[in-house]
Amino acid sequence: MNKERKLIIAGNWKMNKTVAEALDLAAGLKLELANVKEVDIVVCPPYTALSEVSKAILDSNIRLGAQNMSEHNVGAYTGEIAAVMLKEFSVRYVILGHSERRQYQQESDALIARKALAVHGAALKPIVCIGETLAEREAGQTEQVLATQVRGSLAGLDKEQMVETVVAYEPVWAIGTGKTASPAQAQEAHAFIRRVLAGMFDETVARKVRIQYGGSVKPANARELMSLPDVDGALVGGAALEARSFTDIIKNSI
Ligand code: 13P
């Protein structure tokens, strides 16, 4: 597939996989994906498996991501994880502001923006998630919600940092529901997000930023979604938990 931007396909393992299970999956992916060069491949295990998975994918084409990070560098923040701790395991990417964290941990755009700055401060790359709920889409508020999230969650980044940031468009109604956005809905939302980025930064920056689609991505719909002009990858949940389906998503996208 000939794309303007290199595809980035990431697996968000969420709160799944013990260390033994994570190692099993990592070994399968390493074997199956060894020859893939056309796509940036990222896996985001839970914190407890980062150390072992990091060792397992050493010398492979698979990069490591975390699912969250503290905005602070060190100190009395019980239960939090700092950038320097992630760097010990060669983490390269950090998912920020996933809709599950926005919903269950009340993460705000302002907090996500501070975390994004902390991620860049540590020379890591954030994957910043945005997306509307079903109620917002049905009320015709999708563009307004996306614009607010883009402007709020990426506030304060400079142009160089923005180019090194990945945006993940994950319509909340498509996450874990089996309901994928139609190609037209996905393309429309991605193109809109890029226009907002052009307004915030400039056209050159907007053209370089990779925007992933997330929400019930499967081997069967990956090719069509990845072929859309403004879709530059995928953030995969359920289908990233098995080597076969995650591999097929990547191979079907090439
Ligand atoms: P599903 O692929 O399970 O719908 O999850 C998407 C997601 O939330 C990835 O971050």
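Both counts, for ligands and for their atoms, begin at 1 and track the order of listing.
Contact annotation for Asn12 and ligand 1: only side-chain heavy atoms (C-beta onward) come within less than 4.0 Å of the ligand.
Near Gly215, with a cut-off below 4.0 Å to any heavy atom, the atoms of ligand 1 are 4 (O), 6 (C). Atoms of ligand 1 lying under 4.0 Å from any heavy atom of Ala174, numbered from 1 in the order shown and given with element: 4 (O).
The aromatic rings of His72 and Tyr77 lie parallel to each other, with less than 30° between the two planes, well short of the 60° mark.
By the 4.0 Å N-to-carboxylate-O rule, Lys3 lies too far from Glu38 to be salt-bridged with it. Classification of Arg102 and Glu107 as a salt-bridged pair fails, no side-chain N sitting under 4.0 Å from a carboxylate O. The pair Asp40-Arg63 fails the salt-bridge criterion, with no side-chain N (NZ, NE, NH1 or NH2) lying under 4.0 Å from an Asp/Glu carboxylate O. Between Arg137 and Glu132 there is a salt bridge, with a side-chain nitrogen of the basic residue lying less than 4.0 Å from a carboxylate oxygen of the acidic one.
Screening Arg5, Arg207, Lys208 against Asp232 for a salt bridge (Lys or Arg N to Asp or Glu O under 4.0 Å) leaves a single residue, Arg5.
Contact between Gly214 and ligand 1 is absent, with no heavy atom of the residue lying under 4.0 Å from the ligand.
Relative to atom 4 (O) of ligand 1, the option among Ala168, Gly176, Gly238 with the closest non-hydrogen atom is Gly176. The heavy atom nearest to atom 5 (O) of ligand 1, out of those in His98, Lys14, Gln212, Glu170, is found in Lys14.
On a distance-only criterion, Gly237 and ligand 1 share at least one N/O pair closer than 3.5 Å.
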